[in-house]
Visitor: 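Before we start, here is the structure in question, set down as structure tokens.
From a predicted model like this one, the values you see are computed outputs, not experimental measurements. Just so we're on the same page: letters track the sequence lines, and every chain starts at 1.
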2 protein chains.
Amino acid sequence: MSVQDEKTLPMGMFMDLQRSGPIPLYFQVSQRIEKAILSGELPAGSRLENEVALGQRLGLSRPTVRRAIQEIVDKGLLVRRRGIGTQVVHGQVTRKVELTSLYDDLTNTHKVPSTHLLTLESQPADAKTAERLGVAEGNPTLHLRRVRLADDVPVAVMENWLPEEFIGIEPNDLVAHGLYQVLRSRGVTMRVARQHIGARKSTIEESALLEIEKNSALLTMDRTAFDNSGRAVEFGQHCYRPDLYSFEVTLVEK
Amino acid sequence: MSVQDEKTLPMGMFMDLQRSGPIPLYFQVSQRIEKAILSGELPAGSRLENEVALGQRLGLSRPTVRRAIQEIVDKGLLVRRRGIGTQVVHGQVTRKVELTSLYDDLTNTHKVPSTHLLTLESQPADAKTAERLGVAEGNPTLHLRRVRLADDVPVAVMENWLPEEFIGIEPNDLVAHGLYQVLRSRGVTMRVARQHIGARKSTIEESALLEIEKNSALLTMDRTAFDNSGRAVEFGQHCYRPDLYSFEVTLVEK
DNA sequence: TTTGGCCAGTTGTCATGACAATATCACGTC
DNA sequence: GACGTGATATTGTCATGACAACTGGCCAAA
């Protein structure tokens with residue numbers, strides 16, 4: 001008795017690959033496959049065409065096809081088995097967490113984000129901040145504290161510390177664009193972030209800011225983010241209203 | 001002025017590669033590099049030897065070396081920059097989250113795990129369970145509810161549902177080994193898990209089970225896990241004492 | 001009927017080679 | 001001295017080829 005649905009594979013439409021454009025071929029292929037999965041064209045449990053045949057049909061080498069498939073495996077949508085083939089994972093698909101800011105998350109879900117800026121000041125680094133940012137204790141840092149709102153409902157209180165060089169950031173930019181957008185516009189590209197997710201009770205001040213009753217449960221997230229040169233560019237302590245925000249994580253065993 | 005420390009690279013000891021063993025070469029290399037980073041031999045900000053030279057020195061091809069490095073980049077320990085090289089990320093290194101059970105997490109931190117089994121029964125799937133497990137509503141499932149303890153202190157209350165075929169699981173196994181170990185011993189290998197992390201207040205019963213005051217904040221995690229054939233093998237709703245447990249996540253932008 | 005082995009299919013690993021894109025640095029010119 | 005420009009170094013992408021390891025089913029033998 002076969003354990004899995006052994007559906008055949010449709011996947012007829014795979015023509016328009018730009019070989020000369022700036023978009024890598026493996027990326028074009030992986031996007032098309034992912035789209036086919038999300039749209040239901042490749043149903044859960046169905047088998048993908050094997051790597052060699054797919055490559056031949058698309059006029060691509062096996063490493064290129066393989067990398068395209070691997071991208072989707074890493075997202076948790078496909079599962080490979082040696083000797084068997086590649087299959088679509090069962091279960092409803094959920095979007096995976098990426099290295100984004102709350103601002104991006106909200107706009108992606110069609111909410112209107114806004115910001116109340118509580119604090120924007122230069123502040124000498126205390127021991128914890130210094131360690132997280134990799135600077136000397138007492139060095140100046142940019143300290144900011146914000147309330148983030150979605151459709152005018154408060155969602156989170158965020159406190160961030162940034163290295164000295166960002167001290168010139170304008171309050172108006174922060175209110176209009178969100179921190180990560182401001183950093184991007186200054187040429188900073190985030191590459192790695194280490195997050196710590198927990199929970200605790202709200203303080204009286206936080207309860208007021210978030211418009212919840214005091215001693216409510218809060219979802220907390222500490223984050224240190226690094227740019228593409230491996231330097232820490234942001235350290236933040238955030239707390240979220242758990243009825244309005246939560247984290248999704250997809251884990252893939254290798 | 002150079003932005004980063006441009007230390008040279010030591011990395012002298014790279015001899016003993018087993019070319020005929022079952023361990024892939026890229027894995028042997030990546031483990032050695034990772035060890036060198038963790039041990040401080042490759043300090044934060046230092047540059048790694050370039051891919052071509054490293055490959056030549058080890059007698060390996062560039063794709064192999066490249067894959068070894070990529071493994072570590074995916075873990076968030078290294079950062080690559082085209083035209084520059086590969087550098088060690090700044091900041092203290094933290095363990096990344098993997099697809100493990102609480103049981104593994106506790107033993108890894110040298111705590112003694114134990115389990116109070118509250119419920120172990122066959123139960124027809126309700127709508128939510130059926131959807132998560134990908135079975136028909138009303139189908140029998142194995143329902144279990146446990147309190148997990150570390151050094152005899154309650155850490156979490158976990159409620160899980162498993163597909164019909166696991167109904168024969170022994171209570172003794174669950175108390176002695178933890179759910180994931182039991183599943184592994186039955187030939188199930190977890191491959192993908194989708195987790196949802198949030199927070200809420202504790203119920204009166206949960207407060208008693210976890211030995212905390214009522215209306216405390218709880219850290220919650222819902223998880224659906226899939227095996228290597230893409231089939232859902234576990235759906236769980238867990239809640240943790242936030243003073244004893246939290247989640248670490250490392251995100252890498254691609 | 002059951003058992004064992006062989007064979008075909010598929011992914012996993014590795015080598016070699018080539019060119020493209022990007023960042024740094026030295027150099028020369030204005 | 002400032003600026004552009006080219007040379008150099010390094011990672012990013014892609015092709016081709018080969019063999020290994022694992023799975024499943026078919027088939028013959030016990």
Side-chain angles (χ1 to χ4, degrees), chain A residues 1-6 8-9 17-30 46-74 78-87 187 189 191 227-230 253-254, chain B residues 1-6 8-9 17-30 46-74 78-87 187 189 191 227-230 253-254:
Chain A
M1 173 178 52
S2 123
V3 188
Q4 285 306 129
D5 326 333
E6 297 288 349
T8 58
L9 49 125
L17 293 177
Q18 316 178 26
R19 294 195 76 91
S20 57
I23 305 142
L25 290 171
Y26 74 86
F27 188 75
Q28 297 182 44
V29 174
S30 73
S46 64
R47 274 181 44 192
L48 200 65
E49 190 172 1
N50 79 70
E51 294 171 354
V52 183
L54 186 55
Q56 208 157 20
R57 195 159 62 78
L58 300 181
L60 296 175
S61 69
R62 192 179 156 211
T64 304
V65 173
R66 192 171 164 73
R67 173 154 187 192
I69 295 177
Q70 190 60 46
E71 295 275 321
I72 309 174
V73 171
D74 290 339
L78 288 177
V79 169
R80 324 180 84 135
R81 277 192 294 171
R82 179 187 295 198
I84 303 294
T86 307
Q87 291 177 310
T189 55
R191 220 39 176 290
D227 69 0
N228 57 6
S229 73
E253 185 79 6
K254 292 197 177 170
Chain B
M1 173 178 53
S2 118
V3 188
Q4 285 308 130
D5 326 334
E6 300 286 350
T8 58
L9 48 126
L17 293 177
Q18 315 177 25
R19 294 195 76 89
S20 58
I23 306 141
L25 290 170
Y26 75 87
F27 188 75
Q28 297 182 44
V29 174
S30 74
S46 64
R47 271 181 46 192
L48 199 64
E49 190 172 1
N50 77 70
E51 296 170 355
V52 184
L54 186 55
Q56 209 157 19
R57 195 159 61 80
L58 300 181
L60 297 175
S61 70
R62 193 180 157 210
T64 303
V65 173
R66 192 172 165 72
R67 174 155 185 192
I69 295 176
Q70 190 60 45
E71 295 275 322
I72 309 174
V73 170
D74 290 338
L78 289 177
V79 170
R80 326 180 81 134
R81 276 193 293 171
R82 178 186 296 196
I84 303 293
T86 307
Q87 290 178 310
T189 55
R191 222 36 178 289
D227 69 2
N228 57 5
S229 74
E253 185 81 5
K254 293 198 176 170

Visitor: Under 4.0 Å between a side-chain N or O of A/Arg66 and OP1 or OP2 of C/dT11?
Guide: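 No, outside the criterion.
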Visitor: Is there a side-chain contact between A/Arg80 and the phosphate of C/dT10, meaning an N or O under 4.0 Å from OP1 or OP2?
Guide: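 Answer no for this pair, as no side-chain N or O of A/Arg80 is under 4.0 Å from OP1 or OP2.
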Visitor: I need the CZ-P distance between A/Arg191 and D/dT11, as an integer number of Å.
Guide: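 So the two atoms are 13 Å apart, to the nearest Å.
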Visitor: Could you state the atom-to-atom distance from CD of A/Glu49 to C1' of C/dT11 in whole Å?
Guide: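 So the CD-C1' distance, A/Glu49 to C/dT11, works out to 15 Å.
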Visitor: Indicate for each nucleotide in nucleotides 5-10 of chain D, in 5' to 3' sequence, whether protein heavy atoms under 4.0 Å reach the base (B), only the sugar-phosphate (S), or nothing (-).
Guide: ----BB
Visitor: Just so I know, are the side chains of A/Leu60 and A/Arg19 near enough to count as touching, which here means a heavy-atom distance under 4.5 Å?
Guide: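 Side chain of A/Leu60 against side chain of A/Arg19, heavy atoms only: contact under 4.5 Å found.
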Visitor: I want to check something: taking the side chain as every heavy atom from C-beta on, are A/Arg67 and A/Leu25 in contact at a cut-off of under 4.5 Å?
Guide: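 Counting from C-beta outward, A/Arg67 and A/Leu25 never come under 4.5 Å.
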Visitor: Would A/Thr64 and A/Val29 satisfy side chain to side chain contact (heavy atoms under 4.5 Å, CB included), going step by step from the backbone distance to the final call?
Guide: CA-CA 9 Å; A/Thr64 304; A/Val29 174; 5.6 Å; no
Visitor: Could I get the full list of side-chain hydrogen bond (donor to acceptor under 3.5 Å, both in side chains) partners for A/Gln70, not counting sequence neighbours?
Guide: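 For A/Gln70 the side-chain hydrogen bond (donor to acceptor under 3.5 Å, both in side chains) partners, ignoring immediate neighbours, are A/Asp74, A/Arg80.
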Visitor: side-chain hydrogen bond (donor to acceptor under 3.5 Å, both in side chains) with A/Arg62: which residues, sequence neighbours excluded?
Guide: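 With sequence neighbours excluded, A/Arg62 shows a side-chain hydrogen bond (donor to acceptor under 3.5 Å, both in side chains) to A/Glu51, given in chain and number order.
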Visitor: Mind checking what makes side-chain hydrogen bond (donor to acceptor under 3.5 Å, both in side chains) contact with A/Ser30, not counting sequence neighbours?
Guide: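 Counting only residues at least two positions away or on another chain, A/Ser30 forms no side-chain hydrogen bond (donor to acceptor under 3.5 Å, both in side chains).
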Visitor: Is there a donor-acceptor pair under 3.5 Å between the side chain of A/Gln18 and the backbone N or O of A/Ile23?
Guide: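 Looks like no, no N/O pair under 3.5 Å.
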Visitor: CD of B/Gln18 versus C1' of C/dC14: gap in Å, rounded?
Guide: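 After rounding, the reported distance stands at 16 Å.
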Visitor: Side chain of A/Tyr26, heavy atoms from C-beta onward: which of C/dA15, C/dG12, D/dT13 has the nearest atom to it?
Guide: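 Minimum distance to the A/Tyr26 side chain belongs to D/dT13.
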Visitor: Whole angstrom is fine here: how far is it from CD in B/Glu71 over to P in C/dC14?
Guide: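 It works out to 11 Å between those atoms.
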Visitor: How long is the line joining CZ of A/Arg67 and P of C/dG12, in whole Å?
Guide: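 It is 16 Å, rounded to the nearest whole Å.
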Visitor: Go nucleotide by nucleotide along DNA chain D from the 5' end; which of B/Val52 and A/Arg19 gets its closest nucleotide reached first?
Guide: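 Taking each residue's closest nucleotide, the earlier one in sequence belongs to B/Val52.
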Visitor: At a cut-off of 3.5 Å, list every protein nitrogen or oxygen paired with a nitrogen or oxygen from nucleotides 17-19 of chain C, distance to 0.1 Å.
Guide:
from	atom 1	to	atom 2	distance (Å)
C/dA18	N6	B/Arg62	NH1	3.3

Visitor: Not counting sequence neighbours, which residues clear side chain to side chain contact (heavy atoms under 4.5 Å, CB included) with A/Thr189? List them please.
Guide: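 Residues passing side chain to side chain contact (heavy atoms under 4.5 Å, CB included) with A/Thr189: A/Asn228.
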Visitor: Taking CG from A/Leu78 and P from C/dG12, how many angstroms apart are they, rounded to a whole number?
Guide: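 A/Leu78 atom CG is separated from C/dG12 atom P by 12 Å.
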Visitor: How would you label the contact of B/Gly59 with the nucleic acid (heavy atoms, under 4.0 Å): base, sugar-phosphate, or nothing?
Guide: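 Sugar-phosphate: the residue B/Gly59, judged by heavy atoms under 4.0 Å, touches backbone atoms but no base.
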Visitor: Could you tell me which residues satisfy side chain to side chain contact (heavy atoms under 4.5 Å, CB included) with A/Pro24, sequence neighbours excluded, listed by chain and number?
Guide: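 For A/Pro24 the side chain to side chain contact (heavy atoms under 4.5 Å, CB included) partners, ignoring immediate neighbours, are A/Tyr26, A/Phe27.
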Visitor: How long is the line joining CD1 of A/Ile23 and P of C/dA21, in whole Å?
Guide: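 Rounded to whole Å, this separation is 13 Å.
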Visitor: Between atom CG in A/Leu25 and atom P in D/dT16, what is the gap in whole Å?
Guide: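 About 12 Å, once rounded to whole Å.
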